[in-house]
Amino acid sequence: MPNSENVPVASETFDAEADWEARYQAGSTRWDRGQPSPSLERWLELTALTPGAHIVVPGCGFGHEVPALAARGFRVTGLDVAPTPVVRLRHELEQAGLQADVVQTDMLAWQPDAPVDGIYEQTSLCALPPGQWPAYERQLHAWLRPGGELFACFMQTGREGGPPFHCALPDMRELFAAGRWDWNDDAGRTDHTNGKYEALYLLIRR
Ligand SMILES: C[S@@+](CC[C@H](N)C(=O)[O-])C[C@H]1O[C@@H](n2cnc3c(N)ncnc32)[C@H](O)[C@@H]1O
């Protein structure tokens, strides 16, 4: 059943670039806060990473967290499949005199040149059809060095369908399995509209 925000997605016929670019072209970006999410501040309170660490922001969209991290001295790579937010984010970085890489790519196919130190995962997993979640988990695991941090903002919608798809915590424990990830305590939550919220967790890649 589609939820109120969107259309159902069949992963076998889904064209991520065309679908997401159409949303940007239509100005249908209700997920966008217009500023960095409070979730980022929560991670920065908890992280062991220090400036200079390489952080990837998959599905970054307009990516307000990318300049926020770059301004703190992190090396940042933002990824998005849609051209429109990539162009805008690059422009904003240039205007602000900040350095970060913003790559237009399918995050299910992209690989870094070398293992990275951290991943900030915000409304990216929940944007993917659940059939793609195991491949996405393999990507996140492959990108990170052992001991690297995944700050995960697991979207809680309590509804069927999506995007955003409900990331039930028991399912997340199975997807980000204990043999591959160490879970830290619940790191709080960030509220969205319509009763949705993100459950925040800091995971360490084993
Ligand atoms: C709900 S939006 C969230 C954007 C941003 N993380 C935020 O919180 O504002 C999901 C984003 O993921 C991007 N996306 C969806 N599928 C993707 C894929 N396979 N590879 C890269 N980006 C993807 C979309 O283009 C979109 O910008």
Side-chain angles (χ1 to χ4, degrees), residues 2-43 55-70 76-90 92-93 100-112 118-140 142-143 150-157 159 161-167 189-194 196-200:
N3 68 24
S4 59
E5 286 191 20
N6 266 309
V7 293
V9 171
S11 55
E12 65 276 10
T13 59
F14 186 55
D15 181 336
E17 179 177 340
D19 179 89
W20 286 96
E21 179 61 15
R23 293 168 204 256
Y24 283 101
Q25 291 287 334
S28 180
T29 57
R30 275 175 290 180
W31 61 80
D32 185 65
R33 290 177 180 271
Q35 60 187 0
S37 168
S39 304
L40 182 68
E41 282 304 322
R42 185 70 185 118
W43 184 28
I55 293 170
V56 175
V57 184
C60 61
F62 289 136
H64 309 290
E65 293 74 19
V66 171
L69 286 164
V76 194
T77 301
L79 311 174
D80 205 283
V81 75
T84 290
V86 166
V87 169
R88 183 170 128 177
L89 180 53
R90 285 178 183 155
E92 285 185 5
L93 285 159
D101 292 322
V102 186
V103 185
Q104 191 214 331
T105 187
D106 183 344
M107 59 197 177
L108 296 174
W110 180 83
Q111 290 296 333
I119 299 171
Y120 179 74
E121 195 330 300
Q122 172 185 293
T123 54
S124 181
L125 174 67
C126 70
L128 292 174
Q132 295 183 343
W133 289 359
Y136 184 55
E137 184 275 339
R138 288 194 293 275
Q139 284 288 84
L140 300 182
W143 297 347
L150 168 63
F151 194 70
C153 309
F154 293 127
M155 178 62 75
Q156 306 298 298
T157 71
R159 301 172 201 155
F165 292 95
H166 180 63
C167 300
R189 61 184 268 173
T190 296
D191 290 324
H192 279 253
T193 54
N194 301 332
K196 298 192 292 289
Y197 67 96
E198 288 162 289
L200 311 180

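All ligand and atom numbering here is 1-based and tracks the order in the structure.
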Counting non-hydrogen protein atoms only, what is the nearest one to [atom]? Give residue, atom name and distance.
| atom | answer |
| --- | --- |
| atom 10 (C) of ligand 1 | Thr123 O, 3.4 Å |
| atom 14 (N) of ligand 1 | Val81 CG1, 3.8 Å |
| atom 12 (O) of ligand 1 | Gly59 CA, 3.5 Å |
| atom 19 (N) of ligand 1 | Asp106 OD1, 3.0 Å |
| atom 13 (C) of ligand 1 | Asp80 OD2, 3.3 Å |
| atom 15 (C) of ligand 1 | Trp20 NE1, 3.3 Å |

Item to complete: Evaluate the criterion side chain to side chain donor-acceptor pair (under 3.5 Å) for residue pair Ser39 and Thr190; output intermediate values, then yes/no.
Response: CA-CA 6 Å; Ser39 304; Thr190 296; 2.7 Å; yes
Any side-chain heavy-atom pair from [X] and [Y] closer than 4.5 angstrom?
| X | Y | answer |
| --- | --- | --- |
| Glu21 | Thr84 | yes |
| Cys126 | Trp31 | no |
| Leu89 | Pro67 | yes |

Discussion item. So, 4.0 Å and heavy atoms of Tyr24: is ligand 1 close enough to count as a contact?
Written reply: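 Heavy atoms of Tyr24 do come under 4.0 Å of ligand 1.
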Practice prompt. Check if Pro85 has a non-hydrogen atom at a distance under 4.0 Å from any atom of ligand 1.
Written response: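 Judged by the 4.0 Å heavy-atom criterion, Pro85 does not count as contacting ligand 1.
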